[in-house]
Amino acid sequence: MGRDRKSGIEPGRGVPLVDQGRVDVEDHAPDRLRCRPVRRGPGVVGHACSLRGIALCTVTSDAVTPDPDEDLPEQMRIRREKREQLAARGKEPYAIGLPITTTIAAVRAAHPDLEPDVSTGEQVGIAGRIIFLRNTGKLCFATLRAGDGTELQAMLSLAKVGEEELEAWKDLVDIGDHVFVAGEVITSKRGELSVMADEWRMAAKALRPLPVAHKALNEETRVRQRYVDLVVRPEAQQVARTRVAVVASVRRSLSERGFLEIETPMLQTIHGGAAARPFVTHSNAFDMDVYLRIAPELFLKRAVVGGLERVFEVNRNFRNEGADRTHSPEFTMLEFYAQYLDYQDVARITREVYQEAALAATGSLSVEHPDGTVLDLSGDWPQIDLYESLSTAIGEQITPATNRDRLVRLCEEREIGFHPTAVPGKLAEELFEFHVVPTLVDPVFVMDYPVDTSPLVRGHRTKPGVVEKWDLYINRMESGTGYSELVDPVIQRDRLMEQAALADRGDDEAMHLDEDFLRAMEHGMPPMGGVGVGVDRMLMALTGLGIRETILFPLVKPGQS
RNA sequence: GGGGCGCUAGCUCAAUGGUUAGAGCUGCGGACUUUUAAUCCGUAGGUUCCGGGUUCGAGCCCCGGGCGCCCUACCA
């Protein structure tokens, strides 16, 4: 055995210290000697040695000089050597300023259907990442893929590039490298659109091998190494681009309707705007704890008080709660507010914004998911009443006045879990989620929620016990909510005092009393409609994917290495 | 939070407590001027997540830890 290939230390050669004494590793158990690389501050590398799990010493690189490449898997070591070889042969491994004349997509678009074995006479310079390589003795093929998923074949022949350049290609180019190729646009004998190279250059030598393109990466690797996922799985690119299309469309739709996009604080000193547990962090400059926002609502409303009239924001919210297929600790939220509108007006705008986004992203208002679910987003979206639909489903009249004991019993009969302190409205919503939500596939506005769960919403004009609030359900998921906003500062103060009392009693979702928000409201907050829509859930509805697939880099716990 | 399952080569996966942990692709060496996951011949590649333990012997069994997935609970 001899040399421990991981550490570069030969057992028995080093004499690690144990306390003040010494131990001869050879005499004890050489097979139990463990040495692992450690980093002690910038640039200081060493090896920590242990015997039978007992730390012995840290050997710095002065004492032991391991070959830095020795730890690497063979494939990575070879790629590093190829990088060196490029330089040795006068080639830049990471060339900049390449004479690129066009894109892969443009070449494809310009020559949609050429016959096989055709020369166009058109000279181009293109670059892309190699995803497949097929080398024969004197003719080499490479499939180059661009970021947009388009592909083009590069061909290198002995006749065109000469023996030296062809050998260099075969010796130094791997799958995963970015290469530049200049030459004529042709089709191969099999009809594949190609560039017949007069010249090739390395654009970026990849030191790590790409995953095998033909077998699916497992979900964890996809999420943790999204950059790799994006390279090998065009659908990953597609999702990222769909998000861009959706967000751009949302901005366009609202801008066209007179809304101003503004940016409100992510760091907030008071926790409010929704019922959710916040992340807490600390400002050194102000020497105080601050919250990552759970909602932009209270600031957008301040802006409307100030006369910005119609405002919106598309940005991140943070909620320190569960993470599952439909919840992410950070997620993208659209909120918009318009003075003088009510919850019916903003329901219409929400539907239009959503439909325009669906068209922009998918070209259709009928969306089919991988699991076969089909969503029909077209036309007007129906409205159902929360209490009426619940009563119908249960076969018993439920109203905001139904007493709590009855609701508790109904929940218990169905084994629906609920918080022991849950208010009656919350219990009604639980029952609704149990009975009605699973049936809501196509978009539906659920209207008129209990007042005790909606502290920021105006009371209903005619129905007692409910507020002018809707939840939008799409694909059995709550996708957005809209209100006729509460703008009466006296009522608002009462509601927020109740919230603050809940918070004092240990409810860490309850809002705190935001005096400055009330002060703004006391200056005259115009009646307004307001909406919050989960953008990630829009993506989920349009793609049928889980939330972690719609977010490019979702939060993950750090793994090994 | 509770329960179940998983972690093995660069990637995707095998492997009754019992030879030296295997396969495909990738890699490396060779052949090939029209390939499409090229093909053919040859070959290398391992801290079986980490740390303990049981055993003559552990990828497999036990204990502890890490990370993930599923179910469940909680959650504007």
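What you are looking at is a predicted structure, and each value in this text was computed from that prediction instead of being measured. These numbers come from the heavy atoms of this one structure, side chains and all, not from hydrogens, waters or symmetry mates. To find a chain, count down the sequence lines: A is the first, B the second, and so on, and within it residues start at 1.
Note on A:Phe331: nothing from the nucleic acid sits closer than 4.0 angstrom, heavy atoms only. Residue-level contact check: A:Asp174 touches the backbone only, with heavy atoms under 4.0 Å from sugar-phosphate atoms and none from bases. Residue A:Arg208 is classed as having no contact, given no heavy-atom separation below 4.0 Å to the nucleic acid. A:Ala295 comes within 4.0 angstrom of no nucleic acid atom, judged by non-hydrogen atoms across all strands. Residue A:Leu133 is in sugar-phosphate contact alone, with no base atom involved, counting any heavy-atom pair closer than 4.0 Å across all strands shown. Heavy atoms of A:Glu321 sit under 4.0 angstrom from primed sugar atoms or phosphate atoms, though from no base atom. Heavy atoms of A:Lys170 sit nowhere under 4.0 angstrom from any nucleic acid atom.
On the C1' atoms, B:G17 is 41 Å away from B:C40, given to the nearest whole Å. Between the P atoms of B:U48 and B:C7, the separation comes to 14 Å (whole Å). Rounded to the nearest Å, the gap between the C1' atom of B:U54 and that of B:G42 is 44 Å. One C1' atom belongs to B:G46, the other to B:C11, and the distance between them is 15 Å to the nearest Å. Taking atom C1' in both B:G24 and B:G45, the straight-line distance is 14 Å, to the nearest Å. Rounded to a whole angstrom, the distance from the P atom of B:G66 to that of B:C50 is 15 Å. A distance of about 12 Å separates the P atoms of B:G3 and B:G64, rounded to the whole Å. Between the P atoms of B:C62 and B:G6, the separation comes to 11 Å (whole Å).
In this entry the distance linking CD of A:Gln499 with P of B:A76 reads 11 Å, nearest Å. Separating the CG atom of A:Leu210 from the C1' atom of B:C11 is a distance of 10 Å, rounded to the nearest angstrom. Going from atom CG of A:Asn320 over to atom P of B:C74 covers 19 Å, rounded to whole Å. Put simply, CG on A:Leu166 is 14 Å from C1' on B:U34, counting in whole angstrom units. Here B:A76 presents its P atom at 17 Å from CG of A:Leu298, a figure rounded to the nearest Å. Separating the CG atom of A:Asp229 from the P atom of B:U12 is a distance of 11 Å, rounded to the nearest angstrom. Between A:Arg79 atom CZ and B:C11 atom P there is a gap of 13 Å when expressed in whole angstrom units. Nucleotide B:G27 holds its P atom 7 Å from the CD atom of A:Gln75, rounded to whole Å.
Every salt bridge (charged side-chain N to carboxylate O under 4.0 Å, His left out) that A:Glu151 has, sequence neighbours left out, goes to A:Arg145.
A donor-acceptor contact under 3.5 angstrom links the side-chain atoms of A:Tyr483 to the base of B:A76.
Note: A:His512 and A:His271 have perpendicular aromatic rings, judged against thresholds of 30 and 60 degrees for the angle between ring planes. Between A:Phe279 and A:Phe318, the ring-plane angle classifies as perpendicular under the 30° and 60° cut-offs.
Put simply, the side chain of A:Asp324 gets close to the backbone of A:Thr326: a donor and an acceptor are under 3.5 Å apart.
OP1 or OP2 of B:A31 has not a single side-chain nitrogen or oxygen of A:Lys138 nearer than 4.0 Å. The shortest distance between the side-chain N/O atoms of A:Arg77 and the OP1/OP2 oxygens of B:G45 is not below 4.0 Å. In this structure, A:Lys82 reaches the B:C28 phosphate: one of its side-chain N or O atoms is under 4.0 Å from OP1 or OP2.
Among the nucleotides B:U36, B:G10, B:C32, the one closest to any side-chain atom of A:Gln153 is B:U36. Checking B:C67, B:U33, B:U36 against every side-chain atom of A:Ser188, the shortest atom distance belongs to B:U36. You'll find that the side chain of A:Arg548 is closest to B:G68, out of B:A76, B:G68, B:C32. Side-chain proximity of A:Met196 to B:U34, B:C75, B:A38: nearest is B:U34. Here the nucleotide nearest the side chain of A:Glu74, chosen from B:C75, B:U34, B:A44, is B:A44.
Residues A:Asp171 and A:Arg89 are paired through a salt bridge, judged by an N-O separation under 4.0 Å between the basic side chain and the carboxylate. Using a 4.0 Å cut-off between charged side-chain N and carboxylate O, A:Lys301 and A:Glu485 make a salt bridge.
The partner of B:C69 is B:G4, judged by Watson-Crick or G-U wobble contacts that both fall below 3.5 Å. Using the Watson-Crick or G-U wobble rule with both distances under 3.5 Å, B:G27 pairs with B:U43. The nucleotide B:C74 finds no pairing partner, because no Watson-Crick or G-U wobble arrangement with both distances shorter than 3.5 Å includes it. Across all strands shown, B:G53 is found opposite B:C61 as a Watson-Crick or G-U wobble partner, with both distances under 3.5 Å. Pairing for B:G17 is absent, judged as Watson-Crick or G-U wobble with the two contacts each under 3.5 Å.
RNA chain B is contacted by both A:Thr481 and A:Phe132; A:Phe132 maps to the nucleotide lying nearer its 5′ end (nearest heavy atom per residue). Nearest-nucleotide mapping onto RNA chain B: of A:Ile78 and A:Leu139, the residue sitting toward the 5' end is A:Ile78.
The nearest pair of heavy atoms linking A:Pro554 to A:Val223 is CG-CG1, 3.5 Å.
Cation-pi geometry between A:Lys469 and A:Tyr483 is not met at under 6.0 angstrom from the ring centre and within 45 degrees of the axis.
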